[in-house]
Amino acid sequence: GCPTSTKIVLKGSDFMVKDAAVCNGGTPVKLTATPTTAGDYTFKWEPKVNLDCYDCPGPTFTPGTTTTYTVTMIDKNIANCDQVKQVKVTVGASFTVQTEGTTICEGDKATLTATGADTYSWKDPAGTTYNGASIDVTPTVTTTYTVTGTSATATCPGNPEATATVIVKQKPVVEAT
């Protein structure tokens, strides 16, 4: 006789994608959609922004803004068996620490100020450290201070270090005769 039941197993294709992170203004990053089984596939990446191709398995993302892509893998041999996944490319902000030097007279105080980060650590050539966005120093000779900033929000380093030179002018010596 005939069997009373038949088991049919439908096997579809699948693929993997991985989220990525890149720095604003950083080097482009290659994204990859990797099929888990061999086959004949086409790909579609949407939206069509910041990628060098939108119908390939491995487009290169040029840093722009954080974007979530919908990736569709179309099996050319099996109709209606498309697989859809999302991949997020996060573009991190960077920061740049800036400061300026100054000129003082011997014995005077100089205030150095840094901007561009959240916290700052200063160091003089002798290794003495100072903390804060603004510091007061009284060098006796021309001295260069290095400031290193850290950011609580930026995910990319940018330019975390800067220097400020305090030029010390000697007071004139006056002799009375």
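No single ILVMFWY cluster, assembled from side-chain heavy atoms under 4.5 Å apart, contains both Phe95 and Val22. No continuous path of hydrophobic side-chain contacts links Val87 to Ile74 [ILVMFWY only; heavy atoms under 4.5 Å].
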| task | Output, in order, the C-alpha distance, side-chain angles, deciding distance and verdict of side chain to side chain contact (heavy atoms under 4.5 Å, CB included) for Val137 and Thr143. | result | CA-CA 10 Å; Val137 292; Thr143 306; over 6 Å; no
| said: Does Val49 form a side chain to side chain contact (heavy atoms under 4.5 Å, CB included) with Tyr69? I'd like the steps, not just the answer. | reply: CA-CA 9 Å; Val49 292; Tyr69 292 97; 4.1 Å; yes
| request: Start with the C-alpha gap between Ile135 and Tyr120, add the side-chain angles, then the distance that decides, and say whether side chain to side chain contact (heavy atoms under 4.5 Å, CB included) holds. | output: CA-CA 10 Å; Ile135 62 167; Tyr120 304 89; over 6 Å; no
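For the pairing with Pro59, the side chain to side chain contact (heavy atoms under 4.5 Å, CB included) check across Trp45, Phe43, Tyr54 returns one residue only, Trp45.
Rounded to the nearest 0.5 angstrom, Phe15 CZ and Gln83 CD are separated by 7.0 Å. In this structure, OH on Tyr41 lies 14.5 Å from OG1 on Thr72, to the nearest 0.5 angstrom. Remark: Thr62 OG1 to Asp52 CG distance equals 6.5 Å, nearest 0.5 Å. Summarising the geometry, atom OG1 belonging to Thr115 is positioned 5.0 Å from atom CD belonging to Gln98; distances are rounded to the nearest 0.5 Å. To the nearest 0.5 Å, the span separating CD on Gln170 from OG1 on Thr142 amounts to 8.0 Å. With values rounded to the nearest 0.5 angstrom, Asp40 atom CG is found 5.5 Å from Asn77 atom CG.
For the residue pair Tyr130/Asp136, the side-chain donor-acceptor check at 3.5 Å is not satisfied. Using modelled atom types and a 3.5 Å distance limit, the side chains of Ser121 and Thr148 yield no donor-acceptor pair. Between the side chains of Thr144 and Thr165, a donor-acceptor pair is found at a separation under 3.5 Å.
More than 12 heavy atoms of other residues, nucleotides or ligands sit less than 6.0 Å from atom CD of Glu106. Within 6.0 Å of NZ on Lys85 lie more than 12 heavy atoms contributed by other residues, nucleotides or ligands.
Counting only heavy atoms from C-beta outward, the side chains of Ile104 and Val166 approach each other to under 4.5 Å. Taking the side chain as every heavy atom from C-beta outward, Lys88 and Thr66 approach each other to under 4.5 Å. Side-chain contact between Val168 and Val141: absent, with no pair of heavy atoms (C-beta onward) separated by less than 4.5 Å.
Side chain of Thr70 to backbone of Gln86: no donor-acceptor contact under 3.5 angstrom is found. Asp75 places no side-chain N or O within 3.5 Å of a backbone atom of Cys81 that could act as its donor or acceptor partner. A donor-acceptor pair is defined here as one N or O able to donate and one able to accept, closer than 3.5 Å; such a pair exists between the side chain of Thr36 and the backbone of Asp14.
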Using a 3.5 Å cut-off and no angle test, enumerate the donor-acceptor pairs between side-chain atoms of residues 23-35 and protein atoms at least two apart in sequence or in another chain.
| unit_1 | atom_1 | unit_2 | atom_2 | d |
| --- | --- | --- | --- | --- |
| Lys30 | NZ | Gly58 | O | 2.5 |

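Contacts classified as disulfide bond (SG atoms under 2.5 Å apart) and involving residues 33-62 (residues at least two apart or in different chains) are given here: Cys53-Cys56.
Residues Val97 and Ala114 come closest through the heavy atom pair CG1-CB, 4.3 Å. Scanning both residues, Val91 and Gly64, for their nearest heavy atoms gives CG1-O, 3.4 Å.
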